Amino acid sequence: GVWRQTRALLFKNCLIKCRTKKSSVQEVLFPLFFLFWLILMSMMHPHRKYDEVPNTDLGPLDTSVLLNFVIGYTPPTPLAREIMKKVAFDNFEEGLITEEYLSEEELEEASVLKPSNFVGVVFKEPMSYQLRFHDSIAMSSIYMESR
């Protein structure tokens with residue numbers, strides 16, 4: 001029954017492996033080679049541990065750089081308006097220029113027209129956002145040990 005079929009199948013597979021020695025050796029050596037290669041690469045680029053940076057007073061912010069700076073945001077929800085109002089007026093004496101856009105497409109068009117002094121903010125959820133610069137997207141940073 002089952003034992004005889006299992007034994008015949010095992011014998012057949014052993015015959016195939018013996019007759020095709022080259023492919024059998026490759027099946028064993030290629031994973032070992034790639035494992036050795038990964039270990040070698042990880043040794044060439046060792047894991048870096050960065051020390052903690054102490055809290056220091058960086059001094060006042062130079063707002064002259066932000067004189068003609070424009071921050072566009074979308075979607076124009078009440079919470080987004082409140083956040084952008086707080087960013088523009090509470091943190092800077094003269095206030096930043098904030099513009100609201102109805103869609104991401106309008107925001108991208110505006111970033112093309114004024115690429116040097118424009119930053120877009122796209123609110124994905126009430127407390128989640130993406131920064132949009134001309135021709136790029138900056139994802140929110142998450143601390144990662146190693147790449």
Side-chain angles (χ1 to χ4, degrees), residues 1-59 61-63 65-66 68-88 90-92 96-147:
V2 174
W3 173 246
R4 191 171 16 164
Q5 288 179 352
T6 305
R7 194 173 53 194
L9 186 61
L10 184 63
F11 182 70
K12 180 186 116 180
N13 287 339
C14 287
L15 283 176
I16 290 173
K17 291 295 178 186
C18 290
R19 291 178 183 163
T20 57
K21 289 183 174 101
K22 182 178 178 182
S23 66
S24 298
V25 169
Q26 286 177 350
E27 285 179 12
V28 173
L29 291 183
F30 274 154
L32 292 176
F33 170 74
F34 288 124
L35 179 64
F36 171 74
W37 185 254
L38 285 173
I39 291 171
L40 183 67
M41 292 302 288
S42 68
M43 290 171 62
M44 288 176 61
H45 300 285
H47 173 72
R48 290 188 185 131
K49 180 161 176 56
Y50 295 100
D51 293 330
E52 185 176 318
V53 177
N55 290 337
T56 57
D57 184 18
L58 299 176
L61 178 65
D62 182 17
T63 56
V65 177
L66 304 174
N68 294 323
F69 207 71
V70 179
I71 299 177
Y73 64 94
T74 188
T77 61
L79 183 61
R81 285 187 188 109
E82 186 66 32
I83 290 171
M84 296 310 292
K85 179 181 171 190
K86 192 164 195 65
V87 166
D90 290 355
N91 297 324
F92 302 100
L96 295 173
I97 301 168
T98 59
E99 298 175 353
E100 62 181 45
Y101 296 95
L102 297 176
S103 66
E104 289 186 48
E105 290 79 22
E106 289 182 18
L107 185 75
E108 289 175 11
E109 289 173 10
S111 71
V112 170
L113 294 175
K114 28 189 162 179
S116 63
N117 61 346
F118 186 85
V119 173
V121 181
V122 178
F123 289 95
K124 296 293 184 185
E125 295 172 4
M127 290 296 164
S128 175
Y129 63 91
Q130 285 183 337
L131 295 177
R132 302 275 175 116
F133 299 97
H134 183 63
D135 294 334
S136 67
I137 299 174
M139 301 300 286
S140 58
S141 63
I142 297 172
Y143 178 75
M144 297 173 71
E145 286 274 329
S146 174
R147 293 193 182 219

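Just so you know, these numbers come straight off a predicted model, no measurement behind them.
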| query | Can you pull the salt bridge (charged side-chain N to carboxylate O under 4.0 Å, His left out) pairs that have at least one residue in residues 23-33, sequence neighbours excluded? | reply |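 The answer is K17-E27.
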Heavy-atom pair with the smallest gap, counting every atom of [X] and [Y]:
{"X": "L107", "Y": "V121", "answer": "CD2-N, 4.2 Å"}
{"X": "A80", "Y": "P75", "answer": "CB-O, 3.6 Å"}
{"X": "A110", "Y": "Y101", "answer": "CB-OH, 3.3 Å"}

| said: Can you tell me how the ring of F33 sits relative to the ring of W37, calling it parallel under 30°, perpendicular over 60° and tilted otherwise? | reply: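 It falls in the parallel class, under 30°.
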So how far is it from [X] [atom1] to [Y] [atom2], rounded to the nearest 0.5 Å?
{"X": "C18", "Y": "K21", "atom1": "SG", "atom2": "NZ", "answer": "6.0 Å"}
{"X": "E109", "Y": "S111", "atom1": "CD", "atom2": "OG", "answer": "9.0 Å"}
{"X": "T77", "Y": "I83", "atom1": "OG1", "atom2": "CD1", "answer": "7.5 Å"}

| side-chain contact (heavy atoms from CB on, under 4.5 Å) against I39, all qualifying residues, sequence neighbours excluded |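 Partners of I39 under the side-chain contact (heavy atoms from CB on, under 4.5 Å) test: L35, M43.
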| request: Go through the steps to decide whether L79 and F123 satisfy the test side-chain contact (heavy atoms from CB on, under 4.5 Å), and finish with yes or no. | output: CA-CA 10 Å; L79 183 61; F123 289 95; over 6 Å; no
| field | Residue list, salt bridge (charged side-chain N to carboxylate O under 4.0 Å, His left out) with K124, at least two apart or on another chain | value |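 Scan of K124 (salt bridge (charged side-chain N to carboxylate O under 4.0 Å, His left out), adjacent residues dropped) gives E104.
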| request: Can you spot which of M84, R81, K85 makes a side-chain contact (heavy atoms from CB on, under 4.5 Å) with T98? | output: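 Filter result, single survivor: M84.
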